[in-house]
Amino acid sequence: MIDFKSELNDQQYTVVTEGEGPCLVLAGAGSGKTRTITYRVAYLLEQGAPENMILLLTFTNKASREMLGRVEKLMGRTLKGLNGGTFHKFALGILKKYARTIGFAPNFTILDSEDSKDLMKLAMEEVGLTGTSKKIPSAKTVHAIASFAVNADRGIADVIEERFSSWEHLADDITAAAERYHDRKRMAQSMDFDDLLKHLRNLLQSDEELCKTISGQFKYILVDEYQDTNKIQSEIVKLLSHVWGNILVVGDDAQSIYSFRAADINNILDFKREYPGAKIFKLEYNYRSTQSILALANSIIEQNKKQFKKTLKTTGIEGARAELLPAPTPEDEGSILAERIVQALHEGVPGREIAVLFRAAHHSQQLEMELAKRGIRYDYRGGMRFFERAHVKDALAFLRAVYNPMDEIAWRRMLTLYPGIGPATADAIYQLTRTGAAHKAKDMLSKRSHEGYAIFERDWREFEKKEKHPAVLLNHLVEGPYRRMLEEKYDEPNARIKDLEQMRLFAERQGKNLGRFLAEASLQESYAADAQKDKSEDERVVLSTIHQAKGLEWERVFVINLVDGEFPNERASKEIGGMEEERRLFYVASTRAKRQLVLSYSIMGGFYVNQRSPFLDEVAKHIVNAHMGRRTNDGGEVEYVSEDEPFVSTPRNASKPRSGFLSSVEDL
DNA sequence: AGGTCGTGGCAAGGG
DNA sequence: GCCACGACCT
Ligand SMILES: Nc1ncnc2c1ncn2[C@@H]1O[C@H](COP(=O)(O)OP(=O)(O)OP(=O)(O)O)[C@@H](O)[C@H]1O
């Protein structure tokens, strides 16, 4: 038996034991929201709820694994039947089952963002939306527009007008391209990430009986990070809670940081209207951070006008004030940080309790070099995922093509690996294959592609004969054709070959089902090559984007590159509500720290003198300046000397006092 | 016309 | 460090 009373405070306990019906938990950082829903799941199980009737939706699959692991530990048994994962993963599971109902074959494949962009490029060519210079939006932009429209459940024209107004004159062409894009996805029996949500919503909406059948399976639905869900996700939640009505969502409006994928804070603000009779809970004690860090965090978020005022009381010790580290140059910032990390490790702080957080993935470059120099291994989160790497996707293209022969993007990718075959020839071959006329290809193709095509034919014939078992197929590629290509192309192919071997190991653990493997691969958000849990990984320092750090916590946190234009990011600040969202990112970053927070930036940029982030000046009184002077010692080595002084905001950046908050939680 | 290869401009965030 | 584009070659 779990002693819920002693593990939770009174507010948390109330949620855990009285969280039936529609419930919203709205609470600040570190107040135990995640802990509360984790215990709620354990409580439901203890009360006899069947595990397969519980659905726990999280923001990442990693978060889901961690929470389920925690519940298993609490319950002292494994829980195989519990449904947990991201909206996308959940949607895919249902759609595989009901593919025919929505006009897809069950072997449809998933397009990642690069595939989607490539397909959009083709769609744009089709409608004549081509041309160079800055007069035409990039395929990435057009895809972003179409994607936002799906996620926000709005029209393309609307989205362009509101968020991409510089392309308003091309709205008709963009709409046409989006239509072609839609058709080609269907033709290719493929879905992008947005389609997973859209088709699930449509499926549930279109058939009352089916909606009953599906939603009847989920007696208890719990959603973490609800502030970052979008319109289509909230519609899915509504439909899924149709039969039982037990929907518990937790979130913090101050941590909403995904507006670019249409996260909509109205999901929280309108919760009571959407679910009449909903209970609203608050959690008001922060269990994570020291008083100093919490005071800083509260003062960050107070600068935002469009934010609910929430109480967040401390339970911790006072602790040290956040420390400001101005470095002379970006290189110096990297080495100062690396030295600080070495020092912390030396003091006995475990690597897993240290994190470096940054606004954008490429901000970590200098530091990575300095850590490498010192032989410090780290766990990296942000930027390109493992399954997005070019060589990994090349190999996957073969598996996709054999699993779903209509997958245009996979075919193009696979075919253009061969010499003499470019986009045009690949397209011709794909069209012939698709119509069952592959045998005609030899005669119809131009001479220069003959040799490459002959090699492809041989490779493909052999590949097709193999057992459709992902590990077998990958093994064949790594031993044979794809290894050959890598060796031809690179002087040093080994790192890439190793990645492919890692993928094969991953596939072995996934079992024999090719469809399952491809699904798992396209929704895996892991960054490490060793998807296999490396023991030492737990001990490593973490380098992460702030977005990827959501929900996590560390003893010591370094937030780096606090330079105006970088953080806040210039482009983001210009969007509607952009500056406030950047500030929320700073709030999320700071509230990851349990005991010690360090804020760094460099004074010199590449060509210009940097301006430090205005966010620093806004909260100046909560920061101490550890000014690091650089000098060369007698031995010719560069040293950094601490010249402590109080941090005083200069008038240039001093923020004007802001008027009060919009409203308070009480008004909900 | 289509494929390859070199390079200049460029980089926000993610399922 | 990656991608899109243009120059050049077949
Ligand atoms: N009642 C409690 N007693 C002891 N520790 C607690 C309690 N509630 C929460 N904690 C601890 O406080 C920390 C923060 O909790 P949790 O991650 O659940 O907060 P959260 O509200 O989800 O945070 P955030 O929104 O910032 O991600 C965790 O280490 C958690 O174990």
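What you see below is based on every heavy atom in this structure, not just the backbone, and it leaves out hydrogens, waters and symmetry mates. Residue numbers begin at 1 in each chain, while the letters A, B, ... track the order of the sequences.
Base engagement by Asp194(A) is indicated by at least one non-hydrogen atom pair under 4.0 Å involving a base atom. As judged by a 4.0 angstrom heavy-atom cut-off over every strand, Lys550(A) is placed among residues making no nucleic acid contact. No contact: Gln233(A) has no heavy atom under 4.0 Å from any strand. Within 4.0 Å (heavy atoms only), Ser449(A) reaches no atom of the nucleic acid at all. Within 4.0 Å (heavy atoms only), Phe87(A) reaches no atom of the nucleic acid at all. Across all strands, Thr60(A) comes closer than 4.0 Å only to sugar-phosphate atoms, never to a base (heavy-atom distances).
Side-chain proximity of Ala360(A) to the nucleotides dT4(B), dG13(B), dG14(B) is greatest for dG13(B). Each of dT4(B), dA1(B), dA12(B) was ranked by its minimum atom distance to the side chain of Asn569(A); first place goes to dA12(B). For Gln548(A), taking side-chain heavy atoms from C-beta onward, the closest of the listed nucleotides dG3(B), dG14(B), dA12(B) is dG14(B). When distances are taken from the side chain of Ala424(A) to each of dG14(B), dA12(B), dG3(B), the shortest belongs to dG3(B).
Both Ser573(A) and His143(A) sit near DNA chain B, but only Ser573(A) has its closest nucleotide nearer the 5' end.
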Atom pairs and distances, side-chain donor-acceptor, residues 447-456 of chain A, under 3.5 Å, sequence neighbours left out:
unit_1, atom_1, unit_2, atom_2, d
Ser449(A), OG, Ser446(A), O, 2.8
His450(A), NE2, Lys442(A), O, 3.1
His450(A), NE2, Leu445(A), O, 3.3

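Residues meeting the side chain to side chain contact (heavy atoms under 4.5 Å, CB included) test with Lys140(A), sequence neighbours left out: Lys117(A), Ser138(A).
Taking only side-chain nitrogens and oxygens, Lys140(A) never comes nearer than 4.0 Å to OP1 or OP2 of dA11(B).
Between Phe260(A) and His547(A), the angle of the ring planes goes over 60°, which puts this pair in the perpendicular group of the 30/60° scheme.
Cation-pi geometry between Lys96(A) and Phe104(A) is not met: the NZ or CZ atom fails to fall both under 6.0 Å from the ring centre and inside 45° of the normal.
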